[in-house]
2 protein chains.
Amino acid sequence: MEFTVPDLAEVDLDRVLKSLADPQRRRVVLELLEDTSGAERACSSFDLPVSKSTRTHHWRVLREAGLIHQRGAGNGTYVRLRLDEFDARFPGLLRTIARL
Amino acid sequence: MEFTVPDLAEVDLDRVLKSLADPQRRRVVLELLEDTSGAERACSSFDLPVSKSTRTHHWRVLREAGLIHQRGAGNGTYVRLRLDEFDARFPGLLRTIARL
DNA sequence: CTAGGGGTACGATAGTTGTCGTACCTCAAG
DNA sequence: CTTGAGGTACGACAACTATCGTACCCCTAG
């Protein structure tokens, strides 16, 4: 199962800032950012204190903001930052926020 | 008439990002930022395509996010970026967003 | 003094968002 | 084959938000 991600050119800053204006989502993004390996990570490996459906919701918001890519591997789902693409579209934004 | 502004230490990133995740408000902030003079500007000098009450609302959101200071001068209202304070609390954020 | 521009406060409203529960799917392990 | 972990889709709901209109306030220009 595959998740469609938006073309970064079609993502607007509004959507991005809204997606990052949530503690849960920001935490996840920054956690991915700290993982300098850039490797995939299991969605289930994040400790989110919300229900399953809420988790799904947050992943979708991040996906639609162009921040992440998701891959469904039958059993679980794996997530990866679209770091290079995103940084090309919104240079420095992630690093700046990470530094705060 | 005076407007109370929050202590920057008590402003959280959530509130800031939410306040900037709106085109009208972001435009106003960036316009103030481009004005390198740092001088006050009349609130009425911004061309906001919304009603008076909506304008008031947006100014309040920015104020509560610690981004601006407002001074009521009887007749009109004047606004000023809290640039130094804000940048001390959230270093680089405004400039980064301005660059996008 | 009166008009009018600039502004706030309050109440209403439609749309968005974060959250959940339930139902259902898929695969791996027993 | 059955169970369970991980996950989606859908519908519900409360909270928040952007917007407006109305009523009202303050001052300056006539």
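A note on names: the letters A, B, ... follow the listed sequences, proteins ahead of strands, and every chain is numbered from 1. Note that the structure is a prediction, hence the values are computed from the model and not measured. The analysis underlying the following values was restricted to heavy atoms, covering all of them including side chains, and did not include hydrogens, waters or symmetry mates.
For A:Arg41 and D:dG6, the CZ to P distance is 14 Å, given to the nearest whole Å. Here D:dG11 presents its P atom at 17 Å from NE2 of A:His57, a figure rounded to the nearest Å. Put simply, CZ on B:Arg71 is 14 Å from C1' on C:dG7, counting in whole angstrom units. One can place CG of A:Asp14 at 12 Å from C1' of D:dA18, the figure rounded to the nearest angstrom. When rounded to the nearest whole Å, the span between CD of B:Gln24 and C1' of D:dT19 equals 10 Å. Atom C1' of nucleotide D:dA18 and atom CZ of B:Arg26 are separated by 15 Å, given to the nearest angstrom. The NZ-P distance, from B:Lys52 to D:dC20, rounds to 13 Å in whole Å. For the pair A:Asp22 CG and D:dT17 P, the computed distance is 12 Å after rounding to whole Å.
At least one side-chain nitrogen or oxygen of A:Arg25 sits closer than 4.0 Å to the OP1 or OP2 atom of C:dG18. Considering only side-chain N and O atoms, B:Arg55 lies nowhere under 4.0 angstrom from the phosphate OP1 or OP2 of D:dA18. For A:Thr77 and D:dG6, the shortest distance from a side-chain N or O to OP1 or OP2 is not below 4.0 Å.
Side-chain contact, A:Arg82 with A:His69: no donor N or O sits under 3.5 Å from an acceptor N or O.
For B:Ser51 against D:dG21, no side-chain N or O and base N or O form a donor-acceptor pair under 3.5 Å. Residue A:Ser44 places no side-chain atom within donor-acceptor reach of the base of D:dG6, judged by atom type and a 3.5 Å distance cut-off alone.
Across all strands, A:Thr56 comes closer than 4.0 Å to base atoms (heavy-atom distances).
By the 4.5 Å heavy-atom criterion applied to side chains, A:Phe46 and A:Val79 are counted as neighbours.
To the nearest 0.5 Å, atoms CG (B:Leu20) and CG (B:Leu30) are separated by 8.0 Å.
Taking every side-chain heavy atom of A:Val50 into account, C:dT19 is the closest of C:dT17, C:dT19, D:dC27.
Under the 4.0 Å criterion applied to side-chain N and carboxylate O atoms, A:Arg95 and A:Asp87 are not assigned as salt-bridge partners.
In this structure, the side chain of B:Arg89 engages the main chain of B:Val11 through a donor-acceptor pair within 3.5 Å.
Comparing A:Cys43 and B:Ser53 along DNA chain D, the residue whose closest nucleotide (by nearest heavy atom) sits nearer the 5' end is A:Cys43.
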